[in-house]
Structure formats: structure tokens, C-alpha cells
Amino acid sequence: MTADRFRRLLTTSYLVIFFSYLFLPLLVMSAATFNASRFPTVTPWMGFTLGWFSALWADQRMWAALGTSLIVGAGVIALAVPLGLAAALLLDRMHSRAKTFLYALAVSPLLTPGVIVGISTLVFWREWFGVTGGLFLTIVAQSSFIAAYAMLLFSARLQRFDMALEEAALDLGATHGQVFRRITLPYLTPSILSASLLAFLQSFENYNTTLFVRGLETTLTVYIASKVRTGLTPAVNALSLILIGLTVLGAVVYEILRRREERRAAGSAAAAG
């Protein structure tokens with residue numbers, strides 16, 4: 001066996017193992033949705049059923065928890081993305097010795113355990129402002145570390161930004177606000193969309209931080225965790241299967257729109273040439 005063939009075999013084997021590790025649990029979980037067993041398992045197989053979708057529809061507490069998670073996710077997007085954008089712009093424009101310190105300070109929430117973030121947020125807002133747990137505190141606590149993810153995305157995008165575009169616009173009489181709206185913001189639009197999606201997903205699946213600041217509210221992850229202790233049914237698998245389907249559908253639509261935009265841009269460039 002030649003070195004090239006061995007390298008290809010090794011790469012193929014690694015990819016098979018890697019994607020199997022990622023997707024086999026999802027396939028097993030999806031199959032358990034259609035098992036008549038009252039436990040979320042595929043063995044033993046008790047027969048095919050669609051009844052767990054009906055059970056999911058009838059579980060009003062789960063739908064209420066899902067609605068709470070969606071509200072919190074929207075709030076985190078509205079708070080964390082602008083904070084991350086502001087931090088990225090500040091660090092990108094800064095040329096002092098304090099830049100390294102501020103960067104480390106901005107990413108430090110990512111290195112802090114979620115339990116610490118949740119407890120410290122609860123204690124701070126309760127002691128200083130009398131705010132107890134609830135939706136507001138959940139959004140604030142999650143945004144305190146999710147904003148760092150958004151900042152890293154924006155920083156990576158800004159590293160490829162040509163500052164001469166802003167300087168030229170300012171030389172031509174544009175204000176800083178006009179430069180930001182017409183040059184910087186359109187350039188950052190893909191990163192804004194990516195940061196919004198990342199912020200929503202991080203918020204949607206968060207458990208450790210949310211557990212301490214939710215008050216009487218129940219998000220989907222907290223509800224599922226409580227069901228694990230009291231008795232989990234395949235209705236949760238049915239909800240997961242629906243969310244996976246929506247995710248795949250969104251990815252397909254995004255890819256179609258992206259390729260259509262690329263063909264349109266290529267056609268415009270060819271016409272201009």
C-alpha cells in the first residue's frame with residue numbers, strides 16, 4: 001500500500017468515525033420517537049407508532065417552556081449581539097497597551113463556569129437593585145457570556161476589513177454615523193446573522209446559568225431536566241425530531257439562497273466585464 005492510499009484510507013476512516021459519533025445518537029433518538037415503548041429507547045422495539053407526537057401536542061407545560069426559551073433567546077439576541085459588536089469595534093480601533101487586558105476581560109466570561117455566572121448575577125441584581133429571578137435576569141445572565149461569542153465572530157470579520165474604505169468616506173465628507181451605516185454595518189451583516197444564530201442556540205440549550213436566575217419561569221432545558229428525574233417519555237424525542245427537521249430545513253434554505261446570491265453576483269461581474 002502506497003503512502004497516498006494509506007493517507008486516504010486513514011482520512012476516510014477518521015471521517016466515518018467522526019460523523020458516526022456526531023449523527024448516530026441523533027438517529028437513535030429519532031428512531032425512539034416511533035417506538036411504542038413508553039421509555040425513550042429503541043430496544044426492545046414495541047412496534048411503530050405516531051402517538052408520541054400526539055402526546056407532545058398535549059403536553060402544555062412543554063409548549064409553555066418552549067415559548068419561554070424562545071422569548072429568552074430573542075432577548076439574548078437583542079442584548080448580546082449589540083454588546084459583542086460594540087466590544088469588537090472598540091478593540092479593533094484601539095491601539096493602546098490596554099487592548100490585551102480588555103480583550104482578556106471581554107472573553108473571561110467564557111472561562112467562567114455557568115454556575116458561577118448564574119449565582120453572581122442573581123446575587124448582584126438582588127442585593128443592589130432588588131431584582132429577583134425571572135425572564136429579565138435570565139436574559140442578562142446569559143448575555144453576559146454569550147456576548148463574548150458574538151464579539152469573537154465580529155473580531156474575526158473585522159480583521160479582513162479595509163479601513164481605507166472608512167477613511168475615504170470620511171475624506172469625502174461623510175459623518176461617522178453615515179460611515180457606520182453604509183460601509184461598516186453592511187460589511188458586518190453576515191457576521192451579525194451568524195452571531196444572532198449562535199446567540200440563540202447558546203441561549204436555547206443553556207442550563208447551568210439559567211437554573212439559578214430563572215425564578216418561577218421554566219425554560220425547555222430546565223423542563224426536560226426535571227422530566228428526567230420524574231420520568232422521561234419519547235414525547236421529548238418527538239420535539240427533538242421536529243427541531244432537527246426545522247434546523248435542516250433552515251440550513252437547506254440558507255444554502256439555496258447563498259448559491260443563488262453567488263450566481264447573481266457572478267452574473268453581474270460577468271456583465272460588468
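- With rounding to the nearest 0.5 Å, the separation of OG in S226 from CZ in R61 is 6.0 Å.
- Using a 30° and 60° split on the angle between ring planes, Y187 and F161 fall in the tilted class, from 30° to 60°.
- By the rule that hydrophobic residues join a cluster once side-chain heavy atoms approach within less than 4.5 Å of another member, L89 and L153 end up as members of separate clusters.
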side-chain hydrogen bond (donor to acceptor under 3.5 Å, both in side chains), that's the test. Do T210 and Q142 meet it? Break it down for me. CA-CA 7 Å; T210 304; Q142 291 185 2; 2.7 Å; yes

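- Panel note: side chain N208, backbone V115; no donor-acceptor pair is recorded below 3.5 Å.
- The cluster map of Ile, Leu, Val, Met, Phe, Trp and Tyr, joined by side-chain heavy atoms under 4.5 Å apart, puts L198 and I139 in the same cluster.
- Taking 4.5 Å as the limit, every side-chain heavy atom of R157 sits out of range of all side-chain heavy atoms of S155.
- Note that the OG1 atom of T132 and the CZ atom of R126 stand 9.0 Å from one another [nearest 0.5 Å].
- Residue L216 qualifies as open at atom CG: its count of foreign heavy atoms under 6.0 Å is 12 or below.
- Environment of CZ in F101: sparse, with no more than 12 heavy atoms of neighbouring residues, nucleotides or ligands closer than 6.0 Å.
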Inset, instruction - Give the C-alpha distance, both sets of side-chain angles, the deciding distance and a yes or no for salt bridge (Lys or Arg N to Asp or Glu O under 4.0 Å) between E166 and R93. - result: CA-CA 12 Å; E166 291 187 351; R93 269 63 172 175; 2.6 Å; yes

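- Using a 4.5 Å heavy-atom threshold, the side chains of F154 and V81 count as touching.
- Distance check, rounded to the nearest 0.5 Å: CG of L185 to CG of L85 gives 7.5 Å.
- Aromatic ring pairs are classed by plane angle as parallel below 30°, tilted from 30° to 60° and perpendicular above 60°; the pair Y149 and F145 is perpendicular.
- For the pair L102/M94, a side-chain contact is recorded, criterion being any heavy-atom separation below 4.5 Å from C-beta on.
- The line from CD1 of I244 to CE of M29 is 3.5 Å long, rounded to the nearest 0.5 Å.
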For this session: Kindly indicate, with the supporting measurements, whether the criterion ring-ring contact (aromatic ring centres under 6.0 Å, His included) is fulfilled by F34 and W52.
Result: CA-CA 7 Å; F34 304 101; W52 295 116; over 10 Å; no

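- Taking hydrophobic clusters as Ile, Leu, Val, Met, Phe, Trp and Tyr residues chained together by side-chain heavy-atom distances below 4.5 Å, L90 does not share a cluster with L158.
- Hydrophobic clustering (ILVMFWY, side-chain heavy atoms < 4.5 Å, transitive): M163 and V179 are in one cluster.
- Residues D4 and R7 are in side-chain contact: their nearest non-hydrogen atoms beyond the backbone lie under 4.5 Å apart.
- The only member of L137, V131, V117 that meets side-chain contact (heavy atoms from CB on, under 4.5 Å) when paired with L122 is L137.
- No chain of hydrophobic side-chain contacts below 4.5 Å, direct or via other Ile, Leu, Val, Met, Phe, Trp or Tyr residues, connects L24 to L15.
- Side-chain N/O atoms of D59 and Y223 include a donor and acceptor closer than 3.5 Å.
- Between the OG1 atom of T33 and the CG atom of L241 there is a distance of 5.0 Å, given to the nearest 0.5 Å.
- Separating the CD1 atom in I77 from the CG atom in L201 is a distance of 8.5 Å, to the nearest 0.5 Å.
- Using a 4.0 Å cut-off between charged nitrogen and carboxylate oxygen, R260 and E255 do not count as a salt-bridge pair.
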